[in-house]
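First comes the structure, then the notes that go with it.
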Amino acid sequence: MVSDINVPTAMKNFIEELKWRGMYHQSVDGIETELNKGMAVGYIGFDPTADSLGIGNMVQIMTLLHFQKCGHKPIALVGGATGMVGDPSGKSAERNLLDEETLNYNIACQRVQLEQFLDFDCGENSAEIVNNYDWFKDFGFLDFIRDVGKHITVNYMKAKDSVKKRIDGDNKEGMSFTEFTYQLVQGYDFYHLWKNHNCLLQLGGSDQWGNITTGTEMIKRLGGGKGYAVTTPLITKSDGTKFGKTEEGNLWLDGKKTSPYAFYQFWLGASDDDAPGYIRIFSTQSKEELDALEATHQQDPARRILQNALADEITERVHGKTALELAKEASGILFKKEARKADFERLPDDLLDAVFKDVPQTTIPRDVVTSGTAIIDFLSDHTGFLRSKGEARRALKENSVSLNKKKVNDGYTVSEEDLVKGRFVFIQRGKKKQFIVNVE
RNA sequence: GGGGAAAUACUCAAGCGGUCAACGAGGACAGACUGUAAAUCUGUUGGCUACGCCUUCGUAGGUUCGAAUCCUGCUUUCCCCA
C-alpha cells in the first residue's frame, strides 16, 4: 500500500471486524486469506424497488462502509437490469415488474443516497457505483443463453432455496421463467465485475447466498477463476417484529419520505436489548469505544447512552448535522415532562416551525377555538386527531390526552387561552402520539 | 367434469333461531410503575344526538314476530373423486 495521506485507514481484518460487529453469517472458505493479501474489491447489489433506500438496506450499506474502512474498495451495484427481472429470494409469490421509467427514477434516487455513505475520493480504495443495466442492455437473449446459460445446469439452479421453495415447497406457488432466470442475471453481474473490475467478493444478506454462489460458480466455469461470498445475518428485533418497519410502514433514508425527526426517533426508541447489537452494526466506532460505551450504559441504563449515541451518529450520517440538531431539539420539547406551554412560547417562530415540521398536523378555522369547543368534539370532529367521539371519550377516560403538555379531562373546553403564540395547539395522546392543530 | 366443506371484527377463533356489538387468544392503544427500554398489573379495542338508538358476521334475496345462526342464488377458498 502506498503511504499516501489520502489513504485513510490502515488495512484491518474485515472478517474479524464483521464477526465482532455481529454481521458475519457465512462465507466461502479462503476469503480471509485473500483479503489479508491487500486491498480487495467487493460489491453489494441494491434492488431498485423503491425511490429511496430504507433502513433495511442500511445493513448492506454499512457492510460496504466497514469494508471500505478496512482498507478495501467497495462497489455498490444498482440493479437496473436485475430490477427488471425480480429477485425471487424470500418471496413466496411472483412479483409485479416495475416499468422502466420508475426503475430509472428509483436508481437515480438510490445513487444519491449511497453517495452519502461511502467515500468516493480516498485514493485507490475509493467507492464506485455501477449499474448492471450498462452491461445487460446490449446483451441479446441468444447470446446470453449461449454464453452464460450453457454453463449452468438447471439441476444446479433448481437446488437453490429461492427456487426450491416455489417448486417443491409446501405452499408451492410456481414461478415464472423470468424469476427462475434471475440468479443467472445476478450471477453474471458478479462474473462481469470479477472480469472487468477485479472484484473477487460479493457481499449480501444471508438470503442472497444462493444468488451469490451462482456468481462464484460462473466465475469458475466461465472465467476459470475464484469468486468469494460473505453474507450478513438477518437483523432481528428482540420482540420478534421485523426490523426497519414501524406502524406507518417502512422507514426511508429519504428525508422527504421519512422525516429526520421520525428517523431519529426510531433509533432513540431502540430497546435495551436491541441497542448494543444495533450500535455495533451502524456505528463506525471501534470495538474499544463501543465496549466502553456499553459499559457506561450498563451502569445507568436510564440515561439511555447507547440509544442516544446510536441515534446521533446515524441521523447525522444520513441527514446531516443541522437536521440532527433540529430532531433533538424537537425531541426535547415534545417528550420532556417539564415542558409547558411557556416553552413553546419562548421559542422563535422559525425554529418552532422546523421542529414541528415532522409532527402530523391540521388546520382549522380560528373561531372553533375562540368560541370555545368541548374537548371531545375538538379531538374528533374538528381536528380528526382521534377517529371518533367514542375514541375521544375513551382516551379522556384513560387520562391520556394532553393539551400543550397538560392533561385534560372530558369536561374541558378548548378556548383562546390554549393557543400557543395565538396560532396553534399541541395535543398528545400518551407520550408518543402527537399532533398539532393550527388555526387560521 | 362430479361430490363435500367453509367464509365472523386487525389476525386466529367461538357462536348452531331470541338474553349478540357478538366468548376467548394474540396484536394494537392507553393508564400505573419507569428511562421515549423491558417486564408486570389494569383498562380500552363498531358508530351516535348514548341507561336508548343505528350499522355490522362473504354477497343478494327469502322464511320468521325475531337471523351471525334456517332456506335459495351468486362470489371466493379449501378438500376428495374423475
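Quick note on labels: first sequence line is chain A, next is B, and so on, each numbered from 1. What you see is a predicted model, and the numbers here were worked out from it, not measured in a lab.
Considering only side-chain N and O atoms, Ser388(A) lies under 4.0 angstrom from the phosphate OP1 or OP2 of rG47(B). Note on Lys407(A): a side-chain N or O is less than 4.0 Å away from OP1 or OP2 of rG31(B). Between Lys432(A) and rC29(B), a side-chain N or O to OP1/OP2 separation shorter than 4.0 Å is absent.
For Gln307(A) against rU36(B), no side-chain N or O and base N or O form a donor-acceptor pair under 3.5 Å.
With rU36(B), rU44(B), rA30(B) as the choices, the nucleotide that has an atom nearest any side-chain atom of Ser331(A) turns out to be rU36(B). Closest to the side chain of Phe335(A), out of rU36(B), rA50(B), rA37(B), is rU36(B). Listed nucleotides rU44(B), rU34(B), rG35(B) differ in distance to Arg394(A); the shortest reach to its side chain belongs to rU44(B).
Contact annotation for Arg387(A): no contact, since no heavy-atom pair falls under 4.0 Å across all strands. Note on Asp272(A): a base of the nucleic acid sits closer than 4.0 angstrom, heavy atoms only.
A donor-acceptor pair shorter than 3.5 Å cannot be found between the side chains of Thr370(A) and Asp367(A).
A salt bridge is absent between Glu398(A) and Arg394(A); no separation between the charged side-chain nitrogens and carboxylate oxygens falls under 4.0 Å.
Taking the six-membered ring for Trp and the full ring otherwise, Phe385(A) and Phe378(A) have centroids separated by 6.0 Å or more.
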